[in-house]
Trainee: 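Quick one: this structure, given as structure tokens, is what I'll be asking you about.
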Protein chains: 2
Amino acid sequence: MQPPFHRLAEFVSLTSQDMDVMNGWLAGYRKVSRLRTLRREGDPVTGVYFLLEGWVCSSLMLRNGRRQIAKVHLPGDMLGIPSLVLPTAGETLEAVTDIKVSLIPAAAIGELFEHRPRLAIGLFLNAQMEHVALTQKLSWVGAGNAMERMSAFLLDLFARLDAGRLTEGGRFDFPLTQPQLGELLGLTAVHVNRTLKRLDQTGFIVRGRGWLRIADLAGLQSLAPNLPPRFSGPAAWSRLGGQPAAQILTWP
Amino acid sequence: MQPPFHRLAEFVSLTSQDMDVMNGWLAGYRKVSRLRTLRREGDPVTGVYFLLEGWVCSSLMLRNGRRQIAKVHLPGDMLGIPSLVLPTAGETLEAVTDIKVSLIPAAAIGELFEHRPRLAIGLFLNAQMEHVALTQKLSWVGAGNAMERMSAFLLDLFARLDAGRLTEGGRFDFPLTQPQLGELLGLTAVHVNRTLKRLDQTGFIVRGRGWLRIADLAGLQSLAPNLPPRFSGPAAWSRLGGQPAAQILTWP
DNA sequence: CGTCCTGTTGAATAAAATCAACTACGGTGG
DNA sequence: CCACCGTAGTTGATTTTATTCAACAGGACG
């Protein structure tokens with residue numbers, strides 16, 4: 001397995017010292033098994049997590065007894081960054097599958113800003129990607145019906161899995177249960193079931209246990225209220241005045 | 001009017017050079033009048049905006065014809081940061097009231113990361129506050145009914161206005177129309193109307209044209225599915241290894 | 001002075017939730 | 001090893017919630 005560094009390197013070109021720092025994060029990765037909680041809402045914040053393998057969902061508990069899943073994280077994602085501004089964690093991180101994850105201590109993040117500006121920019125822009133994704137998600141949950149939410153989610157998921165080379169001809173592992181999908185989309189499990197059934201019967205998707213196949217991508221896209229965002233990559237960095245790696249003085 | 005710098009100074013202690021940089025942003029502020037569009041979805045991204053006065057809403061247009069307002073921005077907020085990772089703006093920024101705003105060029109943001117690490121951290125943590133707020137908002141839109149969404153929003157708004165000293169005994173300016181509230185909460189204008197009416201008749205709020213008063217804070221809080229987030233302030237920075245200003249070498 | 005938008009209310013309709021029942025499956029403990 | 005229990009998945013019937021449709025009053029603005 002080659003470490004999924006694509007997220008932080010997506011925007012900035014990194015120096016070899018930058019790479020060393022990132023490799024350092026991998027050293028003490030930890031395995032966590034399915035359904036185990038990585039960190040619960042209200043727990044102390046010691047750092048952020050770098051997800052190497054598997055799926056994690058981050059969720060919020062509401063006082064009305066319902067749970068909202070904010071995001072399903074895939075390999076390469078940084079988890080729990082927003083909680084850095086809170087006294088205690090603002091979200092529960094729960095393993096959807098068996099995962100490998102490493103903890104990056106908060107102090108190491110501070111270091112980046114002092115000494116590794118490119119990684120800091122990478123982290124910052126990565127966090128902005130998350131923000132864009134979350135805003136889109138809000139838009140379909142707030143302004144879409146069940147079918148629209150479902151198709152937008154499936155397309156977004158598919159695009160992200162595809163970017164990480166985790167699909168095969170439209171088919172991918174799909175470990176989410178229908179109750180989880182409900183919490184993700186703001187629907188009941190029953191209604192999720194009916195919505196999936198319709199998508200299945202229409203021939204847009206094929207479901208198996210533990211996997212899913214998108215059978216008609218264009219069809220799904222025609223249902224979705226918006227398409228997954230496309231990011232600028234290196235162009236974002238050059239807009240910020242980024243320089244090619246060779247011209248930058250590296251930290252001694 | 002004293003510039004609302006509280007956002008960036010909320011976490012890190014700034015050097016006088018940092019302050020100079022920030023004051024530089026204020027120089028060419030611009031007035032924009034009510035209902036004018038600051039930047040439309042799809043427009044080129046030239047930088048981010050610093051809102052000095054007035055309210056702005058950022059929204060997404062969906063293909064089903066509906067609009068989702070992602071956030072109502074108040075004085076001191078930085079707008080349009082997420083679009084830095086997109087080829088063209090991902091959200092429309094529209095003035096809800098007459099506003100004063102200044103544009104910070106993208107290159108100036110890049111500069112921060114290279115030369116003004118504390119401001120960079122401040123910006124980063126500020127962006128994470130936005131992320132936390134957006135996650136919460138998703139939670140009530142996704143998992144709350146109309147009354148819960150409305151009370152959570154009003155409480156959140158009130159807390160933010162209060163932090164900026166823009167309230168007086170529970171009363172504050174409230175320029176949002178009911179259709180706008182609908183787009184904000186994922187409800188129709190009609191249903192917004194009925195929900196407000198119920199809150200009014202129960203004595204939780206008092207409505208006037210252009211303003212609103214929270215008459216029973218505890219009552220509203222009992223309706224809301226979660227309370228506005230509280231942020232760590234300087235504690236967040238010290239967790240990241242932040243040092244008191246005096247001990248830091250400043251850029252020559 | 002008309003026109004458009006907001007705010008308001010009532011009535012009809014549609015979407016999703018709730019309630020209920022049953023099957024299948026996985027994991028646990030005896 | 002097997003019985004049992006809890007959860008997931010599925011479907012039908014009913015109820016709740018919110019939308020849609022419609023109509024009208026009041027202001028803002030050209």
Side-chain angles (χ1 to χ4, degrees), chain A residues 33-36 55 57 62 64-69 94-98 140-153 173-201 205-212 223 225, chain B residues 33-36 57 62 64-69 94-98 140-151 153 173-201 205-212 223 225:
Chain A
S33 54
R34 199 171 85 85
L35 299 186
R36 276 287 148 66
W55 295 26
C57 72
L62 280 77
N64 63 13
R66 297 163 78 137
R67 193 168 72 129
Q68 176 67 42
I69 296 182
E94 185 183 330
V96 174
T97 65
D98 291 348
W140 13 286
V141 170
N145 58 29
M147 190 59 80
E148 288 169 335
R149 296 181 201 188
M150 184 65 77
S151 42
F153 169 68
D173 285 343
F174 190 79
L176 294 172
T177 66
Q178 291 177 8
Q180 284 172 327
L181 271 173
E183 293 171 324
L184 192 62
L185 302 177
L187 301 169
T188 59
V190 171
H191 204 59
V192 165
N193 185 286
R194 297 195 224 269
T195 306
L196 285 174
K197 187 182 160 194
R198 273 212 286 159
L199 279 177
D200 200 333
Q201 288 177 338
I205 64 173
V206 180
R207 291 177 291 165
R209 50 175 207 299
W211 59 267
L212 197 145
L223 294 182
Chain B
S33 53
R34 199 171 86 85
L35 298 187
R36 276 287 148 65
C57 72
L62 300 171
N64 62 14
R66 296 164 76 139
R67 192 169 72 129
Q68 176 68 41
I69 296 183
E94 185 183 330
V96 175
T97 65
D98 291 349
W140 13 286
V141 170
N145 58 30
M147 189 59 78
E148 290 169 333
R149 295 182 202 187
M150 184 65 77
S151 41
F153 169 68
D173 285 342
F174 191 79
L176 294 172
T177 66
Q178 291 177 8
Q180 284 172 327
L181 272 173
E183 293 172 323
L184 192 62
L185 301 177
L187 300 169
T188 59
V190 171
H191 204 56
V192 164
N193 184 286
R194 298 195 223 270
T195 306
L196 284 174
K197 186 182 159 193
R198 273 212 286 159
L199 279 176
D200 199 333
Q201 288 177 338
I205 63 173
V206 180
R207 290 176 290 164
R209 51 173 205 298
W211 60 268
L212 196 145
L223 294 181

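Computed from heavy atoms alone, side chains included, the values below leave out hydrogens, waters and symmetry copies. So that the names make sense, note that chain A is the first sequence line, chain B the second, and so on, each numbered from 1.
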Trainee: Using the C1' atoms of the five pairs at each end, what is the angle between the end axes of the helix from dC1(C)-dG30(D) to dG30(C)-dC1(D), to 10°?
Mentor: 50°
Trainee: Figure out the CD/P separation between E148(B) and dA17(C), and round it to whole Å.
Mentor: 13 Å
Trainee: Please tell me if N193(B) has a side-chain N or O lying less than 4.0 Å from either OP1 or OP2 of dT8(C).
Mentor: yes
Trainee: Heavy atoms only: give me the nearest L184(A)-V141(A) pair and the separation to one decimal.
Mentor: O-CG2, 4.4 Å
Trainee: Quick check: closest heavy atoms across P175(A) and V96(A), and the distance to 0.1 Å?
Mentor: CG-CG1, 3.9 Å
Trainee: Check E94(B) with R67(B), please: is the shortest side-chain N to carboxylate O separation under 4.0 Å?
Mentor: yes
Trainee: Between D98(A) (CG) and dG26(C) (P), how many Å, whole number?
Mentor: 15 Å
Trainee: Using a cut-off of less than 4.0 Å, is there contact between a side-chain N or O of K197(A) and OP1 or OP2 of dT11(D)?
Mentor: yes
Trainee: When you check every protein heavy atom under 4.0 Å of nucleotides 15-30 of chain D, what one-letter string (B, S, -) results, 5' to 3'?
Mentor: ---SBBB---------
Trainee: Hey, can you tell me if W55(A) and F174(A) have their rings parallel, tilted or perpendicular (30° and 60° cut-offs)?
Mentor: perpendicular
Trainee: What's the CG-P distance between N64(A) and dT18(C), to the nearest Å?
Mentor: 10 Å
Trainee: For L62(A) and P225(B), work out which heavy atoms get closest and say how close.
Mentor: CD2-CB, 3.5 Å
Trainee: Using whole Å, what does the distance between atom C1' of nucleotide dT8(C) and atom CD of Q201(B) come to?
Mentor: 12 Å
Trainee: For L185(A) and dA15(C), give me the distance from atom CG to atom P, rounded to whole Å.
Mentor: 18 Å
